[in-house]
Structure formats: structure tokens, C-alpha cells
Amino acid sequence: MSSAVLEQFRRIGRDLFVAGVVSSHGGNLSVRMGDRIAITRRGSMLARLEERDVIETGLSENDANVVLASTEINVHRAIYEATAAQAIVHAHPPYAIARSLMCDEIVPIDSEGSYLLHKVPVVHTELTAGSKQVAELLPKWLKEYDIVMLRGHGPFAIGHLLEEAYQLTSVLEMSCRIMTLADGMGEQIREYRKGSERYETW
Amino acid sequence: MEVARLWLGGRGLGTYLALRERLFEVDPLSPENLLVVAPGPLTGTGAPASARYSMTSRSPLTGTLFDGNSGGSFGDALRRLGWDYLIVSGALDEPGYVTLGMVGADDASPAGPAAGFHSAGDLWGRDVPSTLARLRELYPRSEAAVIGPAGERGVLFASIVNNRGRSIGRGGLGAVMGAKRLKALVLGHGDRRPPVADPERLEFIVYEAEKLLKANPITSTALPEFGTAVLVNVLDRAGALPTRNHRETRFEGAAAISGEALKRDHLRRRSACRGCMIGCARRTAVGDQTGEGPEYETIWAFGAQCGVSDLAAVVRANYACNRAGLDTITMGSTIACAMELTELGLLPDGPRFGDARAIVELVAATAAGEGLGAELGLGSARLAALHGRPDLSMSVKRLEMPAYDPRGMKAQGLAYATSNRGGCHLRANMLGPEILGVPKMVDRFATLGKAGLLINLQNLNAVLDSLSVCKFTAFAMKEDYYARQLGAVWGETVEPQELLSLGERIWNAERLFNLAAGFTRDDDTLPPRLLHEPVADGPSAGQVVDLPPMLDEYYISRGWDEAGVPTAVKLERLGLLTVAAAAGVPPGRRQARGADADAP
């Protein structure tokens, strides 16, 4: 693995923790490298990634390294199989998770979230972590949306680069914080966006 | 509808027809070659920057499959006539032109309803502006695509130009028209509206897309204010502006030929393709001449590449190309090649770097086929080979590379090497991620780790050329916007990933065409200078392109074998097994990591 790829993992991993969207040992990242995948080690700390914490293995075939890989590796593999993603970020942002417990889709009300996301579907499975169900369900949605929320667990975001997927994750959490703040104010929201009523159809 | 679902239109449809008609077996300048003219499903629908169309053929310059994509109004006119494509086949006995969709035309014409064949008369021999003007006199409200003297004479990089001065510029498709003795295609004014299944939904998505275009500084400010020439200073500062036939990567005269200088000294007004809100085109003037352009690639080709810092001369050379119907990139880079041959003593009495007068005169000589111009009209690869130094042609697959030096943008080198139509920035331009930070900034000097990014861009551009929409919109928009627009036109949900898969399919089909035509991994390369001559100084000092490992990574990521042939697994997934078999291309077999290790 090139030093440039490792540095991407380090920077994005640290930023995810600093932003408060993963716990000390939560979340996982991966990039696709042709017919190989580089993914964070199971139990690694995203804020403190070392070379040994980024595991390279086959995209479709296992090798010995798979014993070290993130528990979500099969979900990542399934997403790469079904989409043109080159990078995946999975995080546990608290405001977005809280909101996912109450709705079937998250439609941001702030400007940045509206521009970049329009709408984020919320999906659910009985087994949420690294399960076959998740591996079957999420890729279907990620063919149409670049970020999808797994209820009670967290979003999976895809991009051409880790930074892109991280941006979507960050924007979603910020939008959910704003929605929570606005909800708490208990006032009627004054709409400023033309056509926003159609965002639910995005 | 099945063909439309699999190939979309434009470039994709042209690829399908070129394979079906086995153009890989024909001489590009023979009557057997075809010229496929096709707009896309978004053309004329109101989608942003969608007034585009493609022309596809086998190129006389490269021998590859070649599609050119152009803006203007010609694509809209085709759709207003209700036509999804037309095929130009055979050749005329005498020079002529064809009218389509004219009221009162001969419905019994062999070219189909409302088509008419006409003798070219005194149009033959006229330059491009004069031809277009005369056709407008004859057929008010018509739209035409014409060739100039260069196309008539068979210059291997002759272009096809339409009424708004937009060109099918590269690859010599103008010579294909010329070989058919076809001066012009003239379209009457139709009143049909392109079908849109869900106009209300399309309006919503277009509104959202235009918000992004208005918010993005590239599409809302830089391109409208300076045109593409805004890139001269950007690339020069990055040490990626090829200079004097790629001997250097910075040009001391960059400021004098920059977009800022063009705006200050020559710009008269902005112009745009029909319905485009970006408006990157320029109406300019120099002395008593006015005209279209030049855009960035042209300024570079006649400027930095030839060592010329006289912007007025560059503008004149551009006008001369526009009149003759010549691709400015190949023209400028071929002159630069001649300049280096001259300085090495291999071309007696040839032009020298920095000779502003020469660039204008040599364009005219090339169009007329006079003197050195007759050799220049073959393009730089043949010129350099004629004089014993094929390595001095800055081309890939005989198509001259444009204005981005791969030693300062490593993945751009991979983009050139793997482009299905040769040295070209329009198959995929890594300018976005390597220089402008779109979608995000990557290390431009890094060799590995960018193949996947490039492939996605190549696949996306195959989609955009097939829809047909302008690639500049992709500075602001992601693939989901295009998918949603197409979904509204078709009246169903189109997933972005499905759209990218269609782009991948088109890319692989083009690859199959080229393999059938005899191209191999050896053709996926760069001029030796870029591989072995380190940049002397500037921001890219010491850099060369280490291509083999990049190519290996690219082939693996594409699902191709070590020779660059799509594997059976890949062909099956893309539904191209029968296409490959019909073209006589056996599936590739990847040897690495086990006997059955076909890449996914």
C-alpha cells in the first residue's frame, strides 16, 4: 500500500473522531485498489491509525489478512461489487443516529445539507453490524444515493475518494444537529428554498 | 428502445453502430467508412448545457474509433426534426451537400424522407464562414455542419464546423466528409419537441442543477469571465504547461497569452452554445478580423507549444484554422514538432520556436497543401517519422496531446495513454482532481492509487458524450444529477450507478473496436520524452511519468488482462460477450494470482 493511501486513512480517521462522529474504536474506512481492498483493522482506533491498522486483502477473495479486517468488510465488499465507489466511510454520528430512530428518511433543512444531500434514506435490518442482511440491503440503496443511513447504527457513504465520503458524513451530522436545534426552538420554520417540498422525491 | 437503453445516444450509439458495421475493417477515407451523427436523449430537453451532438467514424489520423462531440445548435436541430441519429455512408460522385427536413424537398430521395442531394457548385473551395453564410442565404433558419478547404483536400486533422462556430474538431472527421465529397449537412427547421416523460420532474432537477452551476466558481465565474483560457496561468504555475514541443513545462510568455490578456486585448463579447448558462466561448477581434475563440487548448498549441508569446498571432492562427476547418491542437503541435526538427537540423528552412509569423503562414499552407504544409497536413506522428525522429511527435496513437503535461499531472499521463481515441483530454481530464480539486484534491505527482478515479471519470465522460451534455457541467454536478435528468426524460428511476455502468460498457466496447483494429498494449503509451526526460526546473522539476505500474493498476481495475484485453468475466458482466465475438476479439485471461483470477 502506498504511503499516500495510508496518509488518507490517517487524516480522515482522525477527523472523524475529532468531529465526534465515531467513538474511540467505532467506525471503519476502506478504499478500493483495483481487485484489492484496503480497510481499517477490526478494533482499530480511527484517531490513531498506524500502518498495521490498515489491512489489505482481496476485493472478492479472502486471504489470511481477512482475520484482521473490520467486521464490516463484507458490507464494504458488497458495496464495491455493486457500485463504482472507490472509497467508503462508515461512522456513528450521534445526531444522525438519533434522528434515524424516528423517521424513514432525513431531509435536511439547512442550505449546505439541502445542496449536497437533498434526502438521505433510512433503512433498517434486524442485525445491524457486519451482517449478511446489511450487505444485501445497503448496496441497493447506494446505487441511487451516495449516503444511506442504517437505523440506529450509522451512515455508509461512498465517494471517489475518502474525503468525499467523509464530507457527506460530516454534512449529514451537521444537518441533523441543526434539525435538532430547530426542533428544540419549537417555532414554525420559515421556508427559504424554492421547491423544497419536492426534496422528498429526490 | 433496447438500443437506446444500452447505448443512450451520441457517442454510445455511434460506438454501437461502428461495431455493428465493422468499421474496424475499413479504410477511413474509403466510401465504406461511415459517419454517424447523433444527439443524445438530453439534447434539446432543457437540461443544462445539453445542446450537443456526436459524430462517430473511424479516424484517418489515428485509425481508432473516433467520436467528436460539439455544441452549437446542430444537435437541437436534429431533435427538432425528430431524428435520433443519421448515418452518412458511401460517397458522392461529384462534390455536393445534403439537405434534410426541408419543406418541399424530395421525399423519394434515397437518403429518406425530406432529403435532398445538391451539387456543391461554388461552395466547394469556400472557407467555413463563407460556406455557412451562403447556406443561410439559401436556407434561412437552417443549421449546417460543413467542412472547409482542409477537409476537401483530405488534411488528416480536418474538422467539421457548425453555425455557432463549434467544431467536431479532432481526429480528422472533416477529411472523412471530404473523402465522401460531402461539403455540408444542412438541417431544416423542425417543430418537434424532444420527448420528456416527466417534464415537471425534469424542471425540478434542472433547477437544482443550475443552483450548483451558479454556486461553483469555475462554472459561474472563471469560465464565463475568461473562457477556458483561464487555465494558461493556472497550468503554468503548476509546472504543467507543455512548452516548446514538451521540452519544458513552464512558459516565460504565459502571462502574455493568458485568459486575462485575451480578455483585455481581444475579447468583444462572450458567447454560448444554445441554452447554456456557462458561456465559455469568446467572440474576439484582432486588427480588422473578428471571430470565434481561441480557447485554452488553441492558445497553448500555437503559444507555449510553439514558444510564441504574441497573442495576436495566436488569435490569427486560430482564425485561419477556423476558416480552413482544422483542428487547432494537432495543427499547433505539428508545427511545434516541425520547429524542433528544424532546430535539430532535420528540416531545412523549417520554422523555429518563437516564430509568430510562421504559425499563421503554416496554417494557410497546410489548408492549401502547399510546401511544408503538405507534410504538416499529415499530423506530427507522420511528419516526425518522415524525418527520422518519430519520438518527437507529442502524440498518443497519432493524436496530439493537449495542454496538460503529464510530468506535472501523473494520472493525466495514464489518461492519455489509455484514451480510446488517442492523446486527448476529453476522454478524461485529471485537471479536476490533480489541479482544481474537483471533486477533491489529490497528490498530482503520486503514481499509484488514482486508476479507479480515472476510470470513473472515463466512464462518466462516456455517459456525458452519449446523453449529450457538456463536460463542464461536471465541475459542479455529480453523476446523480445526470441520472435523475435521464430518469425524468425516460419517466422512470435511473440509478447513478446504472448510468456509470453504461459508461463502462461504452468504454469497453470502444476498446473492443480498437483491439479488432489491431491496437495493443504497446499503443497505450506516451512519447518517450515524457517517460525518460525529467523536467529541468520549476514546480515539476525532476519528474517523469512511470507508466508501466500505472498501466498495470489500470488494467486490473478495468478487469482487463495484462495485455489490456477485457476478460470474459468483465465482458459477461457488461453484456459484451457477443459483441467481442462478432468483432473477433477473444476474451483476455489474467495470469496473476491464480489461473482463474479474472478480475471482478
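Throughout, protein chains are lettered first and strands after them, A, B, ... in sequence-line order, and every chain is numbered starting at 1.
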Inset, instruction - Mark yes or no: A/R193 above the aromatic ring of B/Y207, with NZ or CZ under 6.0 Å from the six-membered ring centre and no more than 45 degrees from the axis. - result: no
Legend entry - Closest approach of B/S557 to A/G34 (non-hydrogen atoms, all atoms of both residues): OG-CA, 3.1 Å
Inset, instruction - Give, as side chain, backbone, both or neither, the part of A/T201 having an atom under 4.5 angstrom from any heavy atom of chain B. - result: both
Legend entry - Portion of A/A87 that has a non-hydrogen atom of chain B nearer than 4.5 angstrom: neither
Legend entry - Set of residues satisfying ring-ring contact (aromatic ring centres under 6.0 Å, His included) with respect to B/F204, sequence neighbours excluded: A/W202
Legend entry - Part of B/S501 lying under 4.5 Å from any heavy atom of chain A: neither
Legend entry - Close side-chain approach of B/E203 to A/R198, heavy-atom, < 4.5 Å: yes
Inset, instruction - Flag the one option from A/M33, A/E163, A/Q8, A/Q167 with the top tally of heavy-atom pairs under 4.5 Å to chain B. - result: A/E163
Inset, instruction - With the side chain counted from C-beta on, respond yes when A/K143 and B/P496 share a heavy-atom pair under 4.5 Å apart, and no when they do not. - result: no
Legend entry - Side chain / backbone / both / neither for B/V442 at chain A, heavy atoms under 4.5 Å: side chain
Legend entry - B/Q497 CD to A/D146 CG distance, which is reported to the nearest 0.5 Å: 7.5 Å
Inset, instruction - Below 4.5 Å from any heavy atom of chain B, which atoms of A/Y166 appear? Answer side chain, backbone, both or neither. - result: neither
Legend entry - Part of B/F445 lying under 4.5 Å from any heavy atom of chain A: neither
Inset, instruction - Under 4.5 Å, heavy atom to heavy atom: which of residues 446-465 of chain B reach chain A? Give them by number, or say none. - result: B/G452, B/L453, B/N456
